[in-house]
Colleague: 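This is the structure I have questions about; it appears just below.
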Amino acid sequence: MPPRNNAPADPPPPIPGRGPQGNFGRGGNRFQRERERPRNFFKTVFRLLGYFREQWYALPVIFVLSLGATAAALVGPFLIGRVIDGLVYPYPAPEVTRFAIPIFTLLIILYFWDSCTQFLQTWVVAGASQRLVRSMRHYLFKHLQRLPIQFFDSYMHGELMSRLSNDTDNIAGILGMALVQLTSILITVTGVLAMMLWLSPTMTFFALVSVPLFFFVSKTIGAKTRNHFREQQLALGLLNAKIEEDITGMAVIKAYGYERKSVADFAEINERLRTAGTQAQIWSGFIMPAMNVINNLSLAVVAFAGAVLAINGSITVGVIASFIAYARQFGRPLNDLASTYNQMQSALASTERVFEILDVAGEAPDEPSAVELTQTRGDISFKNVRFGYEPDKPIIDGLNFDAPSGSVIALVGPTGAGKTTVVNLIARFYEIDGGEILLDGKPLTAYTRNSLRRSFGIVLQDTYLFTGTIMENLRYGKPSASDDEVKQAAKLVGADRFIRQLPEGYSTPLSENSRNLSSGQRQLLAVVRCVLANPDILILDEATSSVDTRTEAKIQEAMGMLMKGRTGFVIAHRLRTVAGADRILVVDKGQIVEQGNHAELMEQNGVYRRMFEMQLRGIMT
């Protein structure tokens with residue numbers, strides 16, 4: 001399981017969000033917030049390793065395999081030095097042959113063992129890293145389900161998709177390689193250093209002269225590389241968001257002749273990604289040439305020092321050969337370390353983007369005293385309710401009204417008046433900033449959030465259907481419903497007829513967001529969901545806005561039957577559809593400016609009457 005406490009020790013940085021995490025709003029520059037977020041290399045690394053606890057068994061296996069591979073690599077140069085010394089200081093031919101052949105045989109076995117252990121390392125780590133990222137991806141997706149609705153208002157969906165797919169894939173692709181290389185580097189450097197000190201402490205000193213230069217170069221280049229990789233991942237997220245947005249809205253783009261501007265916007269983001277990717281690759285490409293220059297200079301120093309010591313008789317030619325081989329082995333891990341560190345910049349940039357989402361606080365937990373809501377009378381009251389998507393900019397301020405059990409409450413008013421916000425507050429999609437909302441005389445927080453929402457049936461103006469069959473989509477209202485129950489609900493609403501006319505009836509597959517259905521048909525299916533759920537409280541937000549007059553009458557008849565004995569909230573711009581409501585609330589700027597039934601509001605000769613007569617004239621003309 002992932003760590004229980006994934007938040008960093010320090011207070012979380014500002015993230016687009018409401019409350020202490022930031023302000024959920026559509027304003028502001030997401031890119032600027034991304035760039036300003038503080039970065040901590042080691043904190044990110046240790047936090048990522050915390051997710052490796054499920055795969056802990058891989059670490060000792062990798063260590064043992066690396067130890068075996070390193071042992072084989074360390075013995076090889078020593079044996080080669082022994083052979084060279086045997087040739088430089090010749091023994092009788094039979095004796096040379098007698099000790100050289102076993103050494104060559106042992107070298108073949110050692111190098112074969114080295115290859116096998118490296119393959120096994122790759123195999124073990126590939127499985128472990130993929131399982132780790134699978135868990136991280138699952139945990140991230142699960143965390144998204146717990147985030148409040150306003151979080152999704154502040155992030156482009158394509159950007160979230162990029163973090164869930166591209167960034168996690170990037171982590172998997174680099175993490176396994178880095179884990180193997182870092183383990184191998186640690187063991188190899190330790191072993192090689194020990195062998196060099198044993199052969200010649202003096203030559204070891206000359207071999208280590210280049211180490212400070214190596215760390216200086218790798219740190220300088222690594223810092224630049226990480227910044228560019230971070231920018232590359234950000235640009236990739238924006239590109240995915242642009243693609244997702246434009247494909248979804250392709251009909252609107254074509255309707256307004258926006259293709260050229262859409263292509264230009266895409267080209268701008270694509271160029272930004274190209275620039276960031278080019279810079280990242282250029283800087284990451286600097287590291288290996290720089291390391292090769294340092295290694296070659298180090299080998300030259302070692303060779304010169306070895307020649308001087310050999311002339312003085314301090315060491316043999318075989319020791320020099322072994323030492324140069326060890327010096328190469330010592331330089332190779334340093335090169336690998338620089339390369340691995342360089343490549344990890346991309347993975348860590350992706351990791352930070354994933355952790356940024358994981359650090360966003362989910363919906364506030366239920367109160368310890370909250371109880372399951374099994375059945376409700378549906379008596380709802382607003383008491384001096386205040387709410388704003390940004391705390392200092394309230395949309396609703398001091399709202400008061402009562403919805404008695406079994407009554408139908410209609411909310412009407414101009415666009416942006418706060419009608420949908422009111423019903424979203426009832427379902428606790430948003431938390432109020434002040435006042436209280438009572439259900440059956442108790443605050444909404446007295447009930448668990450899930451049981452509260454199960455008591456509502458909601459039909460929104462924007463219908464969303466998922467990929468799958470029509471039957472599967474309708475069962476979102478009641479997963480345990482039988483086929484007969486689903487079909488009966490469809491008949492009640494008037495959707496059964498058009499469903500049966502489809503090629504495969506209720507088994508007809510729907511494409512993404514059901515583009516193969518009309519808006520009215522999608523709306524009918526959403527109403528069927530609600531009927532099938534048989535909720536205690538109904539919320540209809542422009543539920544008939546996308547259907548024709550005949551279908552609207554059928555839906556209203558079905559809703560009338562369903563609303564008997566239930567509390568209902570209806571939002572509508574067509575005032576004639578709410579004329580039969582028990583009470584009509586005229587909302588403007590988050591305030592109730594008029595209320596009463598249809599007859600009472602017409603007698604008041606106020607806002608409602610003017611709206612009604614205006615719509616009536618529009619119908620008659």
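Since this is a predicted model, take the numbers as computed values, not measurements.
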Colleague: Starting from the C-alpha separation in whole Å, work towards a yes-or-no answer on side-chain contact (heavy atoms from CB on, under 4.5 Å) for Thr469 and Leu510.
Modeller: CA-CA 6 Å; Thr469 65; Leu510 300 178; over 6 Å; no

Colleague: Does Ala599 offer a backbone N or O that forms a donor-acceptor pair with the side chain of Asn597 under 3.5 Å?
Modeller: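 Side chain of Asn597 to backbone of Ala599, a donor-acceptor pair under 3.5 Å: yes, one is there.
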
Colleague: Quick one about Asp541 and Thr420 (side-chain donor to acceptor, distance below 3.5 Å, no hydrogens or angles considered), yes or no?
Modeller: yes

Colleague: Could you measure the distance from the CZ atom of Arg529 to the CD1 atom of Ile458? Nearest 0.5 Å is fine.
Modeller: 12.0 Å

Colleague: Distance check, rounded to the nearest 0.5 Å: Met611 atom CE versus Leu601 atom CG?
Modeller: 10.5 Å

Colleague: Donor-acceptor pair, Arg475 side chain versus Ala481 backbone, under 3.5 Å?
Modeller: yes

Colleague: Taking the side chain as every heavy atom from C-beta outward, state whether Leu425 and Ile437 have any atom pair closer than 4.5 Å.
Modeller: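 SC-SC contact between Leu425 and Ile437 confirmed.
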
Colleague: Quick check: closest heavy atoms across Ala489 and Val531, and the distance to 0.1 Å?
Modeller: CB-CG1, 4.0 Å

Colleague: How far apart are the closest heavy atoms of Ile396 and Val422, and which atoms are they?
Modeller: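 For Ile396 versus Val422, the nearest heavy atoms are CD1-CG2, 3.8 Å.
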
Colleague: Between the side chain of Arg353 and the main-chain N/O of Asp167, is any donor-acceptor distance below 3.5 Å?
Modeller: no

Colleague: Under the criterion side-chain hydrogen bond (donor to acceptor under 3.5 Å, both in side chains), which of Glu613, His598, Glu600, Gln595 is the partner of Tyr608?
Modeller: His598

Colleague: Please determine if Lys442 and Glu436 form a salt bridge, counting it only when a charged side-chain N lies under 4.0 Å from a carboxylate O.
Modeller: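 So Lys442 does not pair with Glu436 through a salt bridge.
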
Colleague: Contact between Leu164 and Arg137 at the side-chain level, heavy atoms closer than 4.5 Å - yes or no?
Modeller: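 Touching, per the 4.5 Å side-chain cut-off.
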
Colleague: Looking at Asp588, is its backbone amide N or carbonyl O close enough to the side chain of Gln591 to form a donor-acceptor pair, meaning the two atoms are under 3.5 Å apart?
Modeller: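 No: the side chain of Gln591 does not pair with the backbone of Asp588.
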
Colleague: Would you check if Leu585 and Val412 make a side-chain contact, meaning some heavy-atom pair closer than 4.5 Å?
Modeller: no

Colleague: Donor-acceptor pair, distance only, cut-off 3.5 Å: does the side chain of Lys383 make one with the backbone of Asn400?
Modeller: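 Between the backbone of Asn400 and the side chain of Lys383 there is no qualifying donor-acceptor contact (under 3.5 Å).
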
Colleague: Which distance, rounded to the nearest 0.5 Å, do you find between the CG of Leu358 and the CG of Leu147?
Modeller: 9.0 Å

Colleague: Ignoring hydrogens and geometry beyond distance, is a side-chain donor-acceptor pair present between Asn473 and Arg522 at under 3.5 Å?
Modeller: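 Short answer, no.
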
Colleague: Kindly compute the distance separating OG (Ser135) from NZ (Lys142), expressed to the nearest 0.5 Å.
Modeller: 11.5 Å

Colleague: Please determine whether a side-chain nitrogen of the Lys or Arg among Arg146 and Glu363 lies less than 4.0 Å from a carboxylate oxygen of the Asp or Glu.
Modeller: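 Salt bridge between Arg146 and Glu363, a charged N being under 4.0 Å from a carboxylate O: no.
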
Colleague: What's the separation between atom CD in Glu504 and atom CE in Met471, rounded to the nearest 0.5 Å?
Modeller: 12.5 Å

Colleague: Could you check whether any side-chain N or O of Ser455 sits under 3.5 Å from a backbone N or O of Ser451, counting only pairs where one atom can act as donor and the other as acceptor?
Modeller: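 Yes; judged by distance alone, with no hydrogens or angles, the pair exists.
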
Colleague: Atom CG of Asn424 and atom OH of Tyr430: how far apart are they, to the nearest 0.5 Å?
Modeller: 5.5 Å

Colleague: Can you list the steps and then say if Ile537 with Ile380 is a side-chain contact (heavy atoms from CB on, under 4.5 Å)?
Modeller: CA-CA 10 Å; Ile537 302 172; Ile380 295 177; 3.9 Å; yes

Colleague: Is there a salt bridge (Lys or Arg N to Asp or Glu O under 4.0 Å) between Glu603 and Arg609 once you walk through the steps?
Modeller: CA-CA 8 Å; Glu603 290 179 0; Arg609 178 164 183 167; over 6 Å; no

Colleague: Please lay out, stage by stage, how Lys478 and Asn534 fare under the test side-chain contact (heavy atoms from CB on, under 4.5 Å).
Modeller: CA-CA 9 Å; Lys478 184 181 179 181; Asn534 196 24; over 6 Å; no

Colleague: Could you check if a side-chain atom of Asp397 sits within less than 4.5 angstrom of a side-chain atom of Phe387, using non-hydrogen atoms only?
Modeller: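 No, side chains not in contact.
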
Colleague: Salt-bridge test for Asp483 and Lys487: reply yes if a basic N is under 4.0 Å from a carboxylate O, no otherwise.
Modeller: no

Colleague: Do the side chains of Asp433 and Arg386 get close enough for a salt bridge, i.e. N-O under 4.0 angstrom?
Modeller: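 A salt bridge is absent here (no side-chain N lies under 4.0 Å from a carboxylate O).
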
Colleague: Within the distance-only criterion (no hydrogens, no angle test), does the side chain of Ser405 pair as donor or acceptor with the backbone N or O of Asp379 below 3.5 angstrom?
Modeller: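 Here the side-chain-to-backbone pair does not exist.
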
Colleague: Is there a side-chain contact between Ser407 and Ile409, using heavy atoms and a 4.5 Å cut-off?
Modeller: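 Yes; the side chains approach each other to less than 4.5 Å.
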
Colleague: Decide yes or no on salt bridge (Lys or Arg N to Asp or Glu O under 4.0 Å) for Arg454 and Glu372, but give the supporting numbers first.
Modeller: CA-CA 10 Å; Arg454 284 197 300 268; Glu372 290 285 323; 3.1 Å; yes

Colleague: When you measure from the side chain of Asp440 to the backbone of Gly378, do you find a donor-acceptor pair of N or O atoms at a distance under 3.5 Å?
Modeller: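 Side chain of Asp440 to backbone of Gly378, a donor-acceptor pair under 3.5 Å: yes, one is there.
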
Colleague: Walk me through it: do Phe382 and Asp402 pass the test side-chain contact (heavy atoms from CB on, under 4.5 Å)?
Modeller: CA-CA 6 Å; Phe382 273 57; Asp402 295 318; over 6 Å; no

Colleague: Quick check: closest heavy atoms across Ala495 and Val528, and the distance to 0.1 Å?
Modeller: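 Looks like CB-CG2, 3.9 Å.
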
Colleague: Does one side chain, of Glu367 or Thr445, offer a donor that lies under 3.5 Å from an acceptor on the other?
Modeller: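 No donor-acceptor contact under 3.5 Å links the two side chains.
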
Colleague: Determine whether more than 12 heavy atoms belonging to other residues, nucleotides or ligands lie under 6.0 Å from atom CD of Glu268.
Modeller: no

Colleague: Using distance alone, with no hydrogens and no angle criterion, decide if Thr448 and Asp366 have a side-chain donor and acceptor under 3.5 Å apart.
Modeller: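 Not at all, the side chains of Thr448 and Asp366 share no donor-acceptor pair under 3.5 Å.
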
Colleague: On a heavy-atom basis, which atom in Ala361 and which in Pro148 lie closest, and how many Å separate them?
Modeller: O-CD, 3.8 Å

Colleague: Taking all heavy atoms of Tyr447 and all of Ala370, pick out the closest pair and write down the distance.
Modeller: C-CB, 3.8 Å

Colleague: Arg272 versus Leu234: any side-chain heavy-atom pair under 4.5 Å?
Modeller: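 Arg272 vs Leu234: side chains touch.
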
Colleague: Decide yes or no for Phe429 and Thr421: does some side-chain heavy atom of the first lie under 4.5 Å from some side-chain heavy atom of the second?
Modeller: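 A side-chain contact is absent here, since even the closest heavy-atom pair is not under 4.5 Å.
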
Colleague: Taking Glu594 for the side chain and Val607 for the main chain, is one N or O donor matched with an acceptor at less than 3.5 Å?
Modeller: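 Answer holds: yes.
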
Colleague: Which atom names give the shortest non-hydrogen contact between Ile499 and Ala490, and what distance separates them?
Modeller: CD1-CB, 4.3 Å

Colleague: Looking at His143 and Val360, would you say the former's side chain and the latter's main chain have a donor-acceptor pair under 3.5 Å?
Modeller: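 Yes: the side chain of His143 pairs with the backbone of Val360.
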
Colleague: So Phe151 and Ile357, do their side chains get closer than 4.5 Å, heavy atoms only?
Modeller: yes

